[in-house]
> 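Before we start, here is the structure in question, set down as C-alpha cells.
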2 protein chains.
Amino acid sequence: MPQTILIVDDEKRLVALVESYLTQEGYRVATAYNGKQALTVAQKEKPDLIILDIMMPEMNGYDFMRTHRAQHDTPIIMLTAKVEDDDKIIGLELGADDYVVKPFKPRELMARVRNVLRRAGKSEPLGKILKVADIILDRNSREVLVGERSIDLTPSEFDLLAALMTTPGRVFSRLDLLDVIQGVRYEGYERTIDTHIKNLRAKLEEDPRNPQHVETVYGVGYRLNKG
Amino acid sequence: MPQTILIVDDEKRLVALVESYLTQEGYRVATAYNGKQALTVAQKEKPDLIILDIMMPEMNGYDFMRTHRAQHDTPIIMLTAKVEDDDKIIGLELGADDYVVKPFKPRELMARVRNVLRRAGKSEPLGKILKVADIILDRNSREVLVGERSIDLTPSEFDLLAALMTTPGRVFSRLDLLDVIQGVRYEGYERTIDTHIKNLRAKLEEDPRNPQHVETVYGVGYRLNKG
DNA sequence: CAATATCTTCATAATTCCATGACAAGATAC
DNA sequence: GTATCTTGTCATGGAATTATGAAGATATTG
C-alpha cells in the first residue's frame, strides 16, 4: 500500500508540481490550500507525511502544526521563505522534522521526503527505473544507460531527462522544464533549457545534429521519442 | 532462529529507528509504547532482550522492570535521559544489565546489545560479511580487506563503508550518511561526511585523488562503485 | 588523569556546473 | 525568396559544490 503525503500550500502551481513528482515516485498524494482545509483533509486521509507551507491565508502553517500535533505525530516538512534562520529554529522547535527553503528544486524536496520517511521508520518506496526506447534511467543509483553505454549526466541534465522519460511522447514547454530544474519561481530565462538540451543531446544521441531521442517541437518545446 | 528483542519507548520515531537497525543486524523485533503494553507483548513474544525507556506514560520503565523481573530474568538495557548519574545507579540497582544515555548513536546501542546478549550466554547472530569489488568487510571482527591488504578504519569510517556496501551503486545523500554515524539529530553538519569520506578514501583507494571505489555524485552525495 | 585517537567544524582552494547573452542556423508564413 | 520568428551553439563570468588541511572539541584508552 503506498504511503500518503499531504501537501499544504496556497500556490497551486507549486502544489501541482510537487504532486506530480511525488506521484511519480509512487506516493499517494492529498492536497490542501490552507491550514483549515488541511485539518479536514488530514483527518480523512491520515497522511504518513505532511509538506507544509508556513505563509498561507486562512490558517497559517504554525497554527496548523500546533493544532495537528496535539493529536498526531505525523512527520512534517516545512516550506519556508528565504529570510532568516529564524524560521528554521521556530519550525524545528515547533516540531517540524525538516525544512526546505523556497524556491527549492524538486529533487531536493524529494531527497528530504525520503529521508524523513526513512527516519520515521516507514519503508521507502524504491524509486522506479525508467525505460524508454534504449534508455534506462535508475533514480536510485542515478545511473543512465543508453544501449550498452553508460553516460554521465550533470544534476540538471539528469533531472530533465528523468522528467521527459516520465511521459514519453508528451511535449514539455520550456517553462515546464524550467520548473523541474529551478523550482517554481517567476523569473527564469527559458533559453537556459536550450543549452541543457544541447548538452544532454551531446551525451545521449548518436548524432547530436540529428537527435533521435530528444525531439524539438517547433514553437512549443521538447519531447522524448517513445522509440 | 533469530533472537527477539523488545523495544519499549513512547517515542515512536525512536522505536522505528532502532527497529530498523536491529532488523538490519538480523534480529527479530517486537515493540511496545508503554510499560503496560510491554508486559503483554513480553508475555507473548518471550524476548531475549528488552530495550527499555525509563520515562513513559501509563507505566514507566521502573515499574515495568519490577513487575517483569518478578517472573523473568530477561536481560534489560535501559534508555535514560541525559540528566544526572542517578538514573544509572537506580537503573543498575534495579537489575538492568546496561544502560544507554539519550541521545545515543545507533552504533553504540548495537554494540551494547551484542555485549549484553553475549554476556547472557546467548549466541550472537552472525553479522554478514559484505563483499563488493575487491573489498571485503566483516561486521563481526570489523576487519576490512582491500585486495590482499588489510586496512584499519575508525568506527565512523567503518560504518560509512558498511552502509555504502549494503547497496553498492546506490547514491547516498549526506543526510543519509549522517544518520548512519550520528543517529537522528538535527544539528548535524553535512560537510562532516566530506571529511570522513576523504579519510576513508585515503585508506581505501590506490590514488585518493582519483577514487575508484567511493565516487562523488555531484549535487547528490556519494556512492560505492559496483565494479 | 594523561595520552592518544577520533570526530566535528571551519576556512580556503579546486572543481564543476549553470545562467546568460550574442550570434548563427533553421523553420515558418507569406 | 524574403522577412520574421524560433532554435542551436558557443563562450564566459559567476554560482554552487566538493576537496583538503588544520585546529579545536570530544571520546577513548591506559
Side-chain angles (χ1 to χ4, degrees), chain A residues 82 101 103-105 107-108 111 142 151-161 171-175 177-183 185-205 207-211 214-223, chain B residues 82 100-101 103-108 111-112 115 142 151-161 171-175 177-183 185-205 207-211 214-223:
Chain A
K82 184 186 191 173
V101 174
F104 53 85
K105 301 175 184 180
R107 166 166 42 89
E108 187 192 339
R142 289 189 78 86
I151 62 177
D152 216 17
L153 300 182
T154 69
S156 293
E157 289 156 12
F158 185 92
D159 291 341
L160 273 188
L161 180 58
V171 183
F172 290 77
S173 74
R174 286 178 179 72
L175 278 179
L177 298 174
L178 212 49
D179 280 354
V180 169
I181 61 174
Q182 298 188 349
R185 49 179 203 168
Y186 296 98
E187 342 76 270
Y189 183 51
E190 293 190 32
R191 278 317 140 85
T192 297
I193 297 301
D194 296 35
T195 298
H196 284 301
I197 292 286
K198 174 183 71 89
N199 297 332
L200 179 57
R201 280 171 171 164
K203 296 175 179 178
L204 197 65
E205 306 280 0
D207 175 11
R209 304 277 174 158
N210 259 45
V214 180
E215 295 185 337
T216 302
V217 180
Y218 190 92
V220 188
Y222 298 95
R223 103 176 118 206
Chain B
K82 186 185 189 174
V100 176
V101 174
F104 53 84
K105 302 176 185 179
R107 158 174 97 238
E108 185 191 342
R112 308 230 176 215
N115 247 311
R142 292 186 79 84
I151 62 176
D152 210 19
L153 300 182
T154 70
S156 292
E157 289 156 12
F158 183 91
D159 291 341
L160 273 188
L161 180 59
V171 182
F172 291 77
S173 73
R174 287 179 178 72
L175 282 176
L177 298 174
L178 210 49
D179 275 0
V180 170
I181 61 174
Q182 299 187 345
R185 41 177 280 192
Y186 297 114
E187 323 85 68
Y189 181 50
E190 291 189 36
R191 294 287 154 215
T192 297
I193 297 301
D194 297 35
T195 298
H196 285 300
I197 292 286
K198 174 177 72 88
N199 297 333
L200 179 57
R201 279 172 172 163
K203 297 175 180 178
L204 197 64
E205 306 280 358
D207 176 10
R209 303 275 172 158
N210 261 48
V214 180
E215 296 185 337
T216 302
V217 180
Y218 188 97
V220 187
Y222 297 95
R223 101 174 119 207

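The chains referred to below are lettered A, B, ... by the order of the sequence lines, with proteins before strands, and numbering in each begins at 1.
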> Which pair of heavy atoms, one from B/Ala202 and one from B/Pro208, lies closest together, and at what distance?
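Nearest heavy atoms, B/Ala202 then B/Pro208: CA-CG, 4.0 Å.
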> Are OP1 or OP2 of C/dC18 and a side-chain N or O of A/Ser156 less than 4.0 angstrom apart?
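Affirmative; the distance criterion is met.
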> Please report the distance, rounded to the nearest Å, between CG in A/Leu200 and C1' in C/dC18.
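Result: 15 Å.
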> Not counting sequence neighbours, which residues clear side-chain hydrogen bond (donor to acceptor under 3.5 Å, both in side chains) with B/Glu190? List them please.
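Per chain and number, B/Glu190 pairs via side-chain hydrogen bond (donor to acceptor under 3.5 Å, both in side chains) with no residue.
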> Using modelled atom types only, decide if a donor and an acceptor are shared between the side chain of A/Glu205 and the backbone of A/Val214 within a distance under 3.5 Å.
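Side chain of A/Glu205 to backbone of A/Val214, a donor-acceptor pair under 3.5 Å: yes, one is there.
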> Only counting residues at least two apart or in another chain, list the ones meeting side chain to side chain contact (heavy atoms under 4.5 Å, CB included) with A/Tyr189.
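For A/Tyr189 the side chain to side chain contact (heavy atoms under 4.5 Å, CB included) partners, ignoring immediate neighbours, are A/Arg191, A/Thr192.
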> Separation of B/Asn199 atom CG from D/dA19 atom P, in whole Å?
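Whole-Å distance recorded here is 12 Å.
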> To the nearest Å, give me how far apart CG (A/Leu178) and P (C/dA19) are.
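Computing the A/Leu178:CG to C/dA19:P distance gives 8 Å.
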> Would you mind reading off the distance between B/Tyr189 atom OH and D/dT17 atom C1', rounded to a whole angstrom?
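Value for this atom pair: 12 Å.
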> Is B/Thr192 near enough to C/dT9 that one of its side-chain N or O atoms lies under 4.0 angstrom from OP1 or OP2?
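The answer is yes; a side-chain N or O of B/Thr192 sits under 4.0 Å from OP1 or OP2.
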> From CZ of B/Phe158 over to P of C/dC7, roughly how many Å is that when rounded to an integer?
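About 13 Å, once rounded to whole Å.
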> Over how many whole Å does the gap from B/Asn210 atom CG to D/dT18 atom C1' extend?
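Whole-Å distance recorded here is 15 Å.
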> Return no unless some side-chain N or O of A/His196 is found under 4.0 Å from OP1 or OP2 of C/dA19.
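Looking at the OP1 and OP2 atoms of C/dA19, one of them is under 4.0 Å from a side-chain N or O of A/His196.
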> What is the distance, rounded to the nearest whole Å, between atom CD of B/Glu157 and atom P of C/dA5?
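For the pair B/Glu157 CD and C/dA5 P, the rounded distance is 14 Å.
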> Can you build the contact string for nucleotides 3-14 of chain D? Use B for base contact, S for sugar-phosphate-only contact, and - for no protein heavy atom under 4.0 Å.
--BSBSBB----
> OP1, OP2 of C/dT8 versus side-chain N and O of B/Gln182: anything below 4.0 Å?
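For C/dT8, OP1 or OP2 has a side-chain N or O of B/Gln182 closer than 4.0 Å.
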> For a side-chain hydrogen bond (donor to acceptor under 3.5 Å, both in side chains) with A/Tyr222, tell me which candidate from A/Arg174, A/His196, A/Arg201 qualifies.
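With A/Tyr222 as partner, A/Arg174, A/His196, A/Arg201 yield a single side-chain hydrogen bond (donor to acceptor under 3.5 Å, both in side chains), made by A/Arg174.
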> When A/Lys203 is tested against each of A/Asp152, A/Leu153, A/Leu161 for side chain to side chain contact (heavy atoms under 4.5 Å, CB included), which residue passes?
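Only match with A/Lys203 under side chain to side chain contact (heavy atoms under 4.5 Å, CB included): A/Leu153.
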> CG of A/Leu160 versus P of C/dA19: gap in Å, rounded?
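These atoms are roughly 9 Å apart.
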> B/Asp159 and B/Arg142: which non-hydrogen atoms are nearest, and at how many Å?
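Looks like OD1-NH2, 3.2 Å.
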